[in-house]
Trainee: 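Sharing a structure with you now.
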Protein chains: 2
Amino acid sequence: MKKTKDNLRSHCPVNYGLEAFGDRWALLILRDIVFRGKHSYGEFLRSEEGFSTNILASRLDHLVETGILRREEHETDGRKESYWLTEKGLDLIPVLFEMILWSAKYDSQSEAKRIMRLVELIRDDNRSISQKVMEQVKRGEAIVAEYLS
Amino acid sequence: MKKTKDNLRSHCPVNYGLEAFGDRWALLILRDIVFRGKHSYGEFLRSEEGFSTNILASRLDHLVETGILRREEHETDGRKESYWLTEKGLDLIPVLFEMILWSAKYDSQSEAKRIMRLVELIRDDNRSISQKVMEQVKRGEAIVAEYLS
DNA sequence: ATTTTCACTTGCAAAATGCAAGTGAAAAGC
DNA sequence: GCTTTTCACTTGCATTTTGCAAGTGAAAAT
């Protein structure tokens, strides 16, 4: 299909989001960073959903290009690069959380059952729990452990 | 990659959502129903992002299978079928809204600027505006007009 | 009775994905 | 310091998904 000069199908806000992170992998990377404190290519690769190496590389590139992730050299290990959420990426946390709420409701086998305390906090006030989590993630903390019941 | 017996990569709530609506088209169909009151194949086809006919058909099938849409015979026109959001589909409205909020913030050319009243309502309290919109959509109303400024 | 509308399907080309096997540079081990 | 291992990718190729254009069959409109 025809695209606007900036290579988007449209500037509809729903479409803008889809073009940035609307594929099968982007939000899994986000999840790994937020919930598991992962930051490197190798760590993402070990996710249970099984990235293939080239796809992971291309998704990371895309997320860096769209300004959701920032690539940094690892402080001590020169082979590694690490990936961090930018402000734009951190602001996806409320979207991620709203999605978790939906899945928790409709997937009877959801692993969300293991973090019901967090699910209830989201239901009660997504905005403020997201804000809190954004601060933690900024500091490089993984959040899943503290909500495991 | 290997999948669980129910054909999901995992029961991580993020992944569950991605498998249900994590592609470039599903949420555009949702948008067309919610904002524009569309309900038929032909109406979806006319969206500015340009579905191809076979992809639209396969997405609609998938959304019906996953229980997000319900297919109904058109009351008067026997050629048409119409598509309606189920409860499960209506519950995606808060996700859609959270996404709109994000795009409104980061796309400088966002068409969300045309519905800033709604954007502010979402920012202020996504849960209650979503609830209200869910009721309207259930009745088959398109919501965009009333928020155009 | 014929034409138009509608919701798709089919066939094929092009793009994206997935797998297995590299590659090159830095770190670790000896 | 020489070799091996680890790490972050890339490359080549098969498979799957997407996209375009051209049908098809049934119901509605003329």
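The analysis underlying the following values was restricted to heavy atoms, covering all of them including side chains, and did not include hydrogens, waters or symmetry mates. Reminder, nothing fancy here: chain letters follow the sequence lines and each chain counts from 1.
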Trainee: Pick the closest DNA chain D nucleotide for D77(A) and for A57(A) by heavy atoms, then say which residue is nearer the 5' end.
Mentor: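 Its nearest nucleotide being more 5', the pick is D77(A).
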Trainee: Could you go through the ring-ring contact (aromatic ring centres under 6.0 Å, His included) check for W25(A) and F44(A) one step at a time?
Mentor: CA-CA 11 Å; W25(A) 299 108; F44(A) 298 133; over 10 Å; no
Trainee: How close or far is atom P of dT5(C) from atom CD of E81(B), stated in whole angstroms?
Mentor: 20 Å
Trainee: Ignoring backbone atoms, establish whether W25(A) has a side-chain N or O less than 4.0 Å from OP1 or OP2 of dA16(C).
Mentor: no
Trainee: What is the distance, rounded to the nearest whole Å, between atom CG of L45(B) and atom P of dT9(C)?
Mentor: 12 Å
Trainee: Between P on dC9(D) and CG on D61(A), what's the gap in Å once rounded to a whole number?
Mentor: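 Taking atom P of dC9(D) as the reference, CG of D61(A) is at 8 Å.
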Trainee: Quickly work out the R9(A) CZ to dG19(D) P distance and round it to whole Å.
Mentor: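 The answer, rounded to whole Å, is 8 Å.
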Trainee: Would you compute the distance between atom CD of E146(B) and atom CG of L118(B) and round it to the nearest 0.5 angstrom?
Mentor: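 The distance works out to 8.5 Å.
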Trainee: Could you tell me whether a side-chain N or O of D32(A) sits under 3.5 Å from a main-chain N or O of K38(A), the two making a donor and an acceptor?
Mentor: no
Trainee: Ignoring the backbone of R79(B), work out which of dT17(C), dA28(D), dG19(D) is nearest its side chain.
Mentor: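 Comparing dT17(C), dA28(D), dG19(D) against the side chain of R79(B), the answer is dA28(D).
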Trainee: Starting from the 5' end of DNA chain C, give me the residue, L60(B) or I55(A), whose nearest nucleotide shows up first.
Mentor: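 Between the two, 5'-proximity favours L60(B).
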Trainee: Taking CD from E43(A) and P from dT6(D), how many angstroms apart are they, rounded to a whole number?
Mentor: 16 Å
Trainee: In plain terms, say whether D61(B) and R71(B) are close enough for a salt bridge, that is, a side-chain N and a carboxylate O under 4.0 Å apart.
Mentor: yes
Trainee: Using 4.0 Å as the upper bound for N to carboxylate O, is an ion pair formed by K138(A) and E87(A)?
Mentor: yes
Trainee: Counting only side-chain nitrogens and oxygens, does R24(A) get under 4.0 Å of the OP1 or OP2 atom of dT17(D)?
Mentor: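 So the side chain of R24(A) is outside the cut-off, no N or O lying under 4.0 Å from OP1 or OP2 of dT17(D).
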Trainee: Reckon Y83(A) touches a base, only the sugar-phosphate, or nothing at all at heavy-atom distances under 4.0 Å?
Mentor: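 Contact class for Y83(A): sugar-phosphate only.
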Trainee: dC20(D) P sits how many Å from E49(B) CD, rounded?
Mentor: 13 Å
Trainee: Measure NZ/K38(A) against C1'/dA8(D) and give the value in whole Å, please.
Mentor: 16 Å
Trainee: Starting at the 5' end of DNA chain C, which residue's closest nucleotide do you reach first, S58(A) or T76(A)?
Mentor: S58(A)
Trainee: For a quick test of reading the model: is some side-chain N or O of T53(B) closer than 4.0 Å to OP1 or OP2 of dC20(D)?
Mentor: no
Trainee: How many whole angstroms separate atom CG of L56(A) from atom P of dC19(C)?
Mentor: 13 Å
Trainee: Taking the side chain of K80(A) as heavy atoms from C-beta outward, which of dT10(D), dC20(D), dA8(D) is closest to it?
Mentor: dA8(D)
